[in-house]
Amino acid sequence: MSRTNMISVAEWREKVEAEGAYNAVAEMLERIEKSKLNAYVTVDKNALKLAEEYDRGKLEGRLAGIPIAVKDNISTKGMRTTCASKILEDYVPIFDAHVIERIKQEGGIIIGKTNMDEFAMGTTTETSYFGVVRNPYDLDRVAGGSSGGSGASIANGEAVLSLGSDTGGSIRCPASFCGVVGLKPTYGLVSRYGLIPYANSLEQIGPMATCVEDLALLLEVIAGKDERDSTNAGRSFTFIPKPRKFKVGIIREMGGNADVMRCFEEAVEVIKGLGCEIGEVSMPSFKYALAAYYVIAMGEASSNLARYDGVRYGYALEQLDSWTKYFSKVRAEGFGSEVKRRIMLGSYALSAGYYGKYYLKALKVRTLVKNDFQRALKDFDVLISPTMPSLPFKIGELADPLTMYKMDVNTVPINLAGVPALSMPIGFVKGLPVGMQIIGNYFAENDILSFALELERAMAE
Ligand code: GLN
């Protein structure tokens with residue numbers, strides 16, 4: 001498997017041992033500055049000060065001295081948090097998200113905030129107010145989305161670990177397109193306190209890394225009890241690799257184009273070589289999952305985004321005439337077109353007369369999707385599929401929104417059910433990475449990671 005400039009935690013530690021954290025971080029900052037990827041919205045020069053502290057033995061913890069990139073919808077105290085939107089261009093949070101508190105407690109160095117689709121709405125990072133993120137393997141292609149910057153930064157050695165958020169695939173898609181590992185944890189495992197919401201009932205913050213072991217390390221740090229998020233499960237996570245002969249189910253309804261399937265089938269052969277028992281499983285409800293996801297996600301988005309009025313946050317106008325005019329003008333100028341489309345469609349789906357027709361129906365589909373997963377996970381330990389149905393797209397290739405939405409077909413059922421899923425690289429086609437999605441039962445992250453670790457080792461041979 002070809003590698004770009006990726007650097008794992010172990011390699012980073014060696015480097016720091018040899019040349020000191022200050023020099024290593026300075027070199028990384030220089031790489032970011034010269035980079036053509038546009039992975040960052042904000043870079044934090046304070047990272048150098050923290051690196052210096054590490055060199056003086058003053059920074060301790062499980063992530064001590066490790067540069068970590070954070071998606072720009074996760075609140076960082078004193079550091080601009082824009083959601084890649086004009087409306088929040090100057091917003092500086094006065095508190096840290098739970099995950100940021102945890103990273104800081106463990107001595108991690110937040111090196112900057114990564115570029116993303118505006119308010120995490122997209123699959124390619126093309127809706128960002130700050131411009132598209134480019135794919136490290138082909139600059140004319142997208143890095144995926146919405147956590148495009150978090151994926152690209154890892155792939156190009158512009159960070160060692162990163163955080164993304166995943167509402168319908170936003171960690172797994174860029175992981176797949178950038179050839180890195182990414183995990184959407186079980187709903188409730190990681191506190192959402194401080195995550196600027198897009199669709200609360202679907203999203204989770206999750207780790208991205210160059211390898212399974214590093215991914216597990218960051219997950220261990222960010223998972224755990226937090227009373228400030230009422231949906232937090234109050235559980236912590238420790239990775240104990242348990243290699244065994246997994247029962248693996250291939251989901252019939254989740255496919256991909258010929259390029260992707262060729263690579264996927266080769267990986268299935270590797271899995272067979274591990275002595276795993278492989279079967280096929282059908283999930284009939286998935287036919288409706290994509291439509292249900294977009295109704296629910298847009299509904300929640302329309303209500304979440306009502307708070308941006310140009311008074312309480314960010315973008316504001318000089319002149320205040322009437323309140324209605326002011327509010328409309330701020331939102332017309334502050335939001336991009338994809339965000340506006342979703343606010344309008346979401347408000348429509350939730351309005352009286354249509355609520356039963358769209359929203360309630362979508363909730364019913366959601367139950368069917370959950371049931372399908374529970375049925376399949378009785379027979380199998382993990383379920384697999386290609387993460388994305390195609391190779392990374394050319395920038396501008398997905399011109400209409402519906403075509404774009406359809407690319408999420410393999411990732412959204414996971415969020416509807418709330419189960420965990422990981423994407424890991426399984427090879428390259430035409431020089432571009434392909435990812436495999438590994439799904440497990442609620443809080444079965446240990447199974448998913450154990451299986452992924454075995455597969456990663458087998459693929460490296
Ligand atoms: N592409 C999906 C959407 O636009 C998922 C985005 C996400 O996970 N944040 O809704």
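For ligands, and for the atoms within them, numbers begin at 1 and follow the listed sequence. We count residues from 1, following the sequence as given.
- Residue contact annotation: A297 has no non-hydrogen atom under 4.0 Å from ligand 1.
- At the top of the distance list for atom 7 (C) of ligand 1, counting protein heavy atoms only, stands S170 OG, 2.3 Å.
- In this structure, F428 has its ring center under 6.0 Å from that of Y137.
- The shortest separation from a heavy atom of Y294 to ligand 1 is under 4.0 Å, placing the residue in contact.
- Between F119 and Y198, the ring centre distance reaches or exceeds 6.0 Å.
- Here the heavy atom of the protein found nearest to atom 2 (C) of ligand 1 is D408 OD2, 3.1 Å.
- Among protein heavy atoms, the minimum distance from atom 5 (C) of ligand 1 is reached at Y293 OH, 3.3 Å.
- Close N/O approach between G122 and ligand 1 is found [any backbone or side-chain N/O within under 3.5 Å].
- For K287, the NZ atom is loosely surrounded, since the number of other residues' heavy atoms within 6.0 Å does not exceed 12.
- Residue contacts with ligand 1 for R342 involve side-chain atoms from C-beta outward but no N, CA, C or O (heavy atoms, distance under 4.0 Å).
- Using cut-offs of 30° and 60° on the angle between ring planes, the pair Y355 and Y359 is tilted.
- In summary, the atoms of ligand 1 found under 4.0 Å from a heavy atom of A120, numbered by their order in the structure, are 6 (C), 7 (C), 9 (N).
- Checked by atom type and distance alone, the side chain of N135 pairs as donor or acceptor with a backbone atom of F177 at under 3.5 Å.
- Listed by number with element, the atoms of ligand 1 under 4.0 Å from a non-hydrogen atom of Y198 are 3 (C), 4 (O), 9 (N), 10 (O).
- Classified by interplanar angle (parallel below 30°, tilted 30° to 60°, perpendicular above 60°), the ring pair Y308/F335 is perpendicular.
- Heavy-atom separations between M116 and ligand 1 are all 4.0 Å or longer.
- Using cut-offs of 30° and 60° for the angle between ring planes, the F246 and F451 rings count as perpendicular.
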